[in-house]
Every structure is written in C-alpha cells, then in structure tokens.
Amino acid sequence: DMQSIQTSGIVAAVGGIIGGLVLGPLVNAAVIHAVASAYLSRPTTIGQCFSHAFQRYFALLGTSLLMGLAIFGGMLLCVVPGIIFAFWFMLAQHVAVLEGSAGSAALTRSRALMKGNIGTGFVLGLVVGLINMGIGVGAAVIPQPHARVVATGFAQGIATLLATCAMVVFYFSCRCKAENFDLQVLADAVGTDADVQPVE
C-alpha cells in the first residue's frame with residue numbers, strides 16, 4: 001500500500017544519506033591510507049586504516065562537499081570552469097586524508113600539485129574510467145540474476161580499489177615532481193620516522 005511505499009522510500013533515503021555521508025567517506029579515507037602506506041612500504045592494519053579514517057572523517061567530508069560545490073558552481077557558470085575546477089581539485093581528498101589539511105586549504109594544495117599535471121590526470125582518469133566500464137559491463141552480462149548482483153557488487157569494489165590505487169600513485173607522482181618527495185620515500189624505506197607532510 002501507499003504507507004509501505006512511503007516507508008520504503010524513507011528507509012532508502014536514510015540509507016543513501018548514511019552511505020553517502022558516513023560510510024563512503026570513511027571507506028574512501030581508509031583505502032587511501034592503506035594504499036599510501038603500501039606505497040611508502042609502511043606496515044599497517046585494517047584497524048589502523050579505519051582509525052586514521054575516523055580522525056580525518058570531518059576534514060574529508062568538508063573538503064569533498066566544498067569541492068563538489070565549486071565544481072557544480074563552475075558548471076552552472078559556463079561548464080568549462082566546472083571542468084577546470086574538477087581537474088584542479090582532483091587530489092583534494094588525498095590531501096585531506098594524507099596531509100592533515102582540509103577545506104579551502106586542501107583545494108589550494110591540490111591545485112598547486114596539479115600544476116603541469118592536468119594532462120596526465122586526464123589520461124589517467126580516461127584509462128581508469130574505461131577499465132572500470134569494462135569491468136561493469138562484464139559483470140552486467142551475467143545471465144543469472146543473483147550471480148549478476150554479486151558480480152556487479154564485486155566489480156564495483158574492484159573498480160573503486162583500482163581507481164583509488166591509481167589516484168594515490170598519481171598523488172605521490174605529483175609530489176615527487178613538485179617537491180622531490182622521493183627523498184622522503186627513501187627515508188621511509190630505511191626505517192626513519194618521515195611523515196607524509198609537505199616538504200618546506
């Protein structure tokens with residue numbers, strides 16, 4: 001009946017909000033931290049990744065919302081500014097998780113890191129997008145409904161992990177170009193207590 005439909009709609013809306021504003025950012029931050037730790041040859045655990053994610057949750061959420069508003073505003077202006085903002089700020093979430101900044105500071109930092117790297121970012125996004133689309137299409141053609149649902153969920157997880165890995169490596173690549181960050185990576189490899197803060 002109508003009441004059941006309304007109740008289902010409310011439950012779905014609440015679930016979407018929780019997923020988009022709580023679970024999504026937490027999982028994203030945890031995965032970014034895990035991939036960055038692997039890249040820097042730092043041992044870590046799932047618990048440590050989610051602990052870091054909880055610490056950076058509000059910073060990441062605020063940065064993501066501000067980034068979304070900037071891109072949306074740019075799209076409303078004339079589309080092109082929105083596209084430019086999307087490239088400028090494509091590393092803002094990684095900055096928020098890995099460097100301890102947030103909001104406008106993270107957006108500014110991302111823009112600085114993207115200077116001279118927009119072309120690479122475009123190609124990377126295109127390649128990752130095509131791979132993810134191929135994974136999704138492959139899962140969608142499975143004829144058995146239940147198997148298709150499972151495969152689609154698994155494919156989405158793989159696609160998300162692949163995109164996150166690619167973007168974390170791209171983030172460190174931009175840092176290496178901007179501030180010779182490879183010296184800090186070397187320091188980590190020999191066991192010193194270097195962190196992931198910008199080089200002064």
Side-chain angles (χ1 to χ4, degrees), residues 17 19-40 42 44 49-129 132 156 159-182 184-185 195-200:
I17 292 173
L21 297 181
V22 180
L23 296 180
L26 284 175
V27 173
N28 187 31
V31 173
I32 289 174
H33 180 75
V35 175
S37 296
Y39 183 87
L40 298 175
R42 288 176 171 175
T44 190
C49 291
F50 275 97
S51 175
H52 184 81
F54 276 106
Q55 293 174 15
R56 300 304 302 158
Y57 169 72
F58 289 106
L60 177 59
L61 180 62
T63 300
S64 299
L65 291 175
L66 186 60
M67 179 176 67
L69 288 173
I71 294 173
F72 179 72
M75 289 294 186
L76 290 180
L77 287 177
C78 190
V79 179
V80 174
I83 296 175
I84 294 174
F85 292 162
F87 282 113
W88 279 357
F89 305 144
M90 68 186 302
L91 296 177
Q93 294 178 328
H94 300 77
V95 170
V97 173
L98 300 175
E99 295 188 15
S101 60
S104 60
L107 299 188
T108 300
R109 170 71 172 155
S110 175
R111 180 182 177 183
L113 289 175
M114 287 301 298
K115 186 177 181 180
N117 294 303
I118 289 180
T120 304
F122 171 78
V123 173
L124 176 63
L126 181 62
V127 171
V128 170
N132 290 349
Q156 290 175 345
T160 300
L161 181 60
L162 173 64
T164 302
C165 289
M167 289 305 300
V168 169
V169 173
F170 178 58
Y171 160 82
F172 282 115
S173 174
C174 292
R175 290 201 62 175
C176 287
K177 289 177 62 176
E179 53 201 29
N180 204 25
F181 185 72
D182 56 315
Q184 286 184 278
V185 176
D195 57 20
V196 195
Q197 300 300 316
V199 176
E200 299 295 337

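All of these numbers come straight from a predicted model, not from anything done at the bench.
Here the shortest heavy-atom pairing between Ala59 and Ala102 reads CB-CB, 3.6 Å. Shown here for Ala36 and Leu98, the closest heavy-atom pair between the two residues is CB-CD2, 3.7 Å. Phe85 and Ala70 get closest at one heavy-atom pair: CD1-O, 3.2 Å.
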task: Give the intermediate values and the outcome of side chain to side chain contact (heavy atoms under 4.5 Å, CB included) for residues Lys115 and Trp88.
output: CA-CA 8 Å; Lys115 186 177 181 180; Trp88 279 357; over 6 Å; no
task: Test side chain to side chain contact (heavy atoms under 4.5 Å, CB included) on Leu40 and Phe172 and set out the steps.
output: CA-CA 10 Å; Leu40 298 175; Phe172 282 115; 4.1 Å; yes
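Every residue two or more places apart in sequence or in another chain that forms a side chain to side chain donor-acceptor pair (under 3.5 Å) with Thr44 is listed here: Gln48.
Side-chain atoms of Ser64 come within 3.5 Å of backbone atoms of Leu60 as a donor-acceptor pair (strictly under, hydrogens ignored). Side-chain atoms of Thr108 come within 3.5 Å of backbone N or O of Ser104 as a donor-acceptor pair. With hydrogens and angles ignored, the 3.5 Å screen pairs a side-chain donor or acceptor of Arg56 with a backbone N or O of Ser101. For the pair Thr63 (side chain) and Ala96 (backbone), a donor-acceptor distance under 3.5 Å is absent.
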Could you go through residues 116-128 and list every donor-acceptor pair under 3.5 Å that involves a side-chain atom there, pairing it with any protein atom two or more places apart or in another chain?
{"unit_1": "Asn117", "atom_1": "OD1", "unit_2": "Lys177", "atom_2": "NZ", "d": "2.7"}
{"unit_1": "Asn117", "atom_1": "ND2", "unit_2": "Leu113", "atom_2": "O", "d": "2.8"}

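Residue Leu61 holds its CG atom at 9.5 Å from CG of Leu26, rounded to the nearest 0.5 Å. Atom-to-atom distance recorded for Ile71:CD1 and Leu107:CG is 9.0 Å, nearest 0.5 angstrom.
Within the 4.5 Å cutoff, side-chain heavy atoms of Val97 are placed close to those of His52. Using a 4.5 Å heavy-atom threshold, the side chains of Phe170 and Met90 count as touching. Between Tyr171 and Val95, the closest side-chain pair of non-hydrogen atoms falls below 4.5 Å.
Ion pair Arg175/Glu99 flagged as a salt bridge, since at least one NZ, NE, NH1 or NH2 atom sits closer than 4.0 Å to an Asp/Glu carboxylate oxygen.
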